[in-house]
Novice: 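Questions regarding the structure given below will be posed in turn.
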Amino acid sequence: MSEQLLTFLDDQRDLVIELQKEMTARPALCPTSGGQGEKDKADYLLSWLKENNITDVEEMRAPDSRVNCGYRPTIIARIPGKSEKTLWIIGHTDVVPTGDHDLWESDPWTLRVDGDFMYGRGVEDNQQAIVSGLLVAKGLVDNNITPEYTLGLILTADEETGSKYGLEYVAKERPELFKKDDLILVPDIGDADGTMIEVAEKSILWQKISVVGKQCHGSTPNEGINSLEAAAAFILKIKKLHGIFDRTDDLFDPPISTFTPTKKEANVPNINTVPGLDVFYVDCRILPGYDLEDIRKEIKKLGDEVIQEYGVTITYEDDQANQSTSQTPADCEVVTKLDRAIKKVYNVTPQPKGVGGGTVAAHLRDEGLNVACWSKLIPNAHVPNEKSRISCNIGDAKVIATMLFDTTN
Ligand SMILES: [Zn+2]
């Protein structure tokens with residue numbers, strides 16, 4: 001039975017191109033990126049599902065007054081299996097802005113096809129996941145196939161700007177949606193050979209640090225307190241954190257927690273003024289098991305040394321803080337089934353891995369659910385000339401299809 005489905009999927013090149021073309025033509029930009037959200041794209045997908053006789057469909061609307069329609073849509077579609085146990089495929093409809101148009105070789109909102117490659121904003125992140133899910137759904141319905149497990153597709157809004165109007169809203173409104181023994185796959189991260197299964201994430205802490213001194217004329221530096229010197233001293237101390245939080249975990253690459261000074265705001269516009277305010281940022285990616293509060297404390301201790309040495313005052317602000325508490329066991333059911341399906345379809349040996357953080361899986365893992373993130377893709381999300389391989393859209397669909405029939409424990 002599943003062989004018939006796999007053969008069907010192999011023939012779907014035209015459908016992949018059609019779906020990608022239609023979705024790419026509907027820029028689903030979040031309001032913080034100056035867009036009107038996902039409504040146009042979601043409406044297209046809703047009508048596609050209807051035309052293709054996929055009838056168990058609901059749309060959830062997260063209220064958002066910043067967009068004209070007043071809501072952010074998430075689509076939940078199900079194809080019933082023999083069991084109610086559900087394999088969920090979670091994809092997101094929103095995309096990031098194109099950036100500088102001149103860097104694109106063709107219009108980012110018009111799909112360009114060249115052999116196995118499709119180009120356009122969103123084709124990989126995350127339309128590939130949506131296409132793979134829709135292909136399997138159509139394959140089941142057109143061929144009258146009932147899989148072992150129910151197929152659940154969640155096409156969610158607002159992944160790129162925090163998921164508040166997307167998966168977080170869905171999980172809050174519908175806590176019963178995901179059952180403990182459901183299988184959850186998020187095809188939103190991956191590598192070119194399809195071997196990376198993401199099962200864990202580092203915690204993220206982005207801190208904004210403001211160093212306040214006293215501004216004065218450059219010719220009389222002793223009359224002021226130079227915030228740049230103090231900030232520079234602080235920035236150089238940050239690497240000491242590597243020695244304090246020094247645990248390693250080979251699941252991750254790099255296998256350590258990282259503490260990296262990144263952004264520095266401009267201070268004075270002219271050379272002959274001693275600055276009185278310098279603001280810089282630290283990007284911390286911390287292995288699970290460390291408490292973010294301990295990181296904050298140690299950063300503050302380093303700051304206290306700077307206060308002692310330079311006589312400045314310092315304030316701290318979290319720009320982003322995501323404590324990653326749970327990881328998905330590498331031997332749990334969804335990872336095991338996914339591992340077998342990848343081997344069968346792509347003939348490679350997958351490897352469970354941890355990443356630097358930032359997928360929707362973290363929210364669900366914190367609810368106690370096991371979530372595997374995986375896709376075979378050229379990692380090029382958010383860049384100009386974003387591309388996706390037709391063969392991967394189809395291959396990933398075959399992996400999903402294979403999992404739907406895998407009853408081995
Ligand atoms: Zn994404």
Side-chain angles (χ1 to χ4, degrees), residues 16 19-20 23-24 26-33 35 37-38 40-42 45 62 72-76 88-99 108-109 111 118-134 153-171 184-192 194 196-202 204 285 320 322 324 328 338 353-365 371-389 392-393 395-397 399-400:
V16 171
L19 286 165
Q20 286 277 14
M23 283 195 281
T24 304
R26 294 168 171 82
L29 291 164
C30 299
T32 46
S33 310
E38 304 81 0
D40 279 356
K41 197 166 175 176
L45 290 166
R72 310 285 295 280
T74 287
I75 298 169
I76 304 173
W88 292 104
I89 308 300
I90 303 177
H92 64 88
T93 51
D94 60 317
V95 298
V96 295
T98 58
W109 308 114
L111 189 77
M118 298 173 290
Y119 297 84
R121 174 54 84 227
V123 291
E124 183 253 278
D125 184 19
N126 192 221
Q127 289 166 198
Q128 181 174 324
I130 296 173
V131 169
S132 299
L134 295 179
L153 304 180
I154 300 185
L155 314 178
T156 181
D158 196 34
E159 190 273 339
E160 298 291 359
T161 52
S163 292
K164 189 175 161 213
Y165 302 91
L167 200 60
E168 232 175 85
Y169 178 79
V170 172
I184 306 175
L185 175 64
V186 178
D188 196 16
I189 192 167
D191 57 10
M196 184 182 81
I197 301 176
E198 190 263 286
V199 293
E201 289 178 23
K202 291 176 181 173
I204 298 183
R285 310 284 168 138
Q320 200 192 146
N322 274 321
S324 174
T328 290
L338 176 60
K353 286 215 168 95
V355 299
T359 79
V360 295
H363 299 293
L364 299 174
R365 288 186 184 131
V371 184
C373 300
W374 169 87
S375 184
K376 177 172 173 174
L377 49 79
I378 311 132
N380 70 156
H382 303 198
V383 303
N385 305 305
E386 179 178 344
K387 58 179 182 271
S388 169
R389 300 180 74 143
C392 291
N393 286 243
D396 287 8
V399 169
I400 295 165

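Atoms within each ligand, like the ligands themselves, are counted from 1 in listed order.
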Novice: Let's test this: below 2.8 Å, count the protein N/O/S atoms around the Zn ion (ligand 1).
Specialist: 4

Novice: Can you tell if the side chain of Lys376 reaches within under 4.5 Å of the side chain of Val399, non-hydrogen atoms only?
Specialist: no

Novice: Could you pull out all residues at least two apart from Arg365 that satisfy salt bridge (charged side-chain N to carboxylate O under 4.0 Å, His left out)?
Specialist: Glu198, Glu201

Novice: Would a 4.5 Å heavy-atom cut-off, applied to side chains only, mark Glu160 and His382 as touching?
Specialist: yes

Novice: Using side chain to side chain donor-acceptor pair (under 3.5 Å) as the criterion, list what pairs up with Glu38, not counting sequence neighbours.
Specialist: Arg72

Novice: Within the distance-only criterion (no hydrogens, no angle test), does the side chain of Asn380 pair as donor or acceptor with the backbone N or O of Lys387 below 3.5 angstrom?
Specialist: yes

Novice: Excluding sequence neighbours, so at least two apart, what forms side chain to side chain contact (heavy atoms under 4.5 Å, CB included) with Lys353?
Specialist: Met196, Gln351

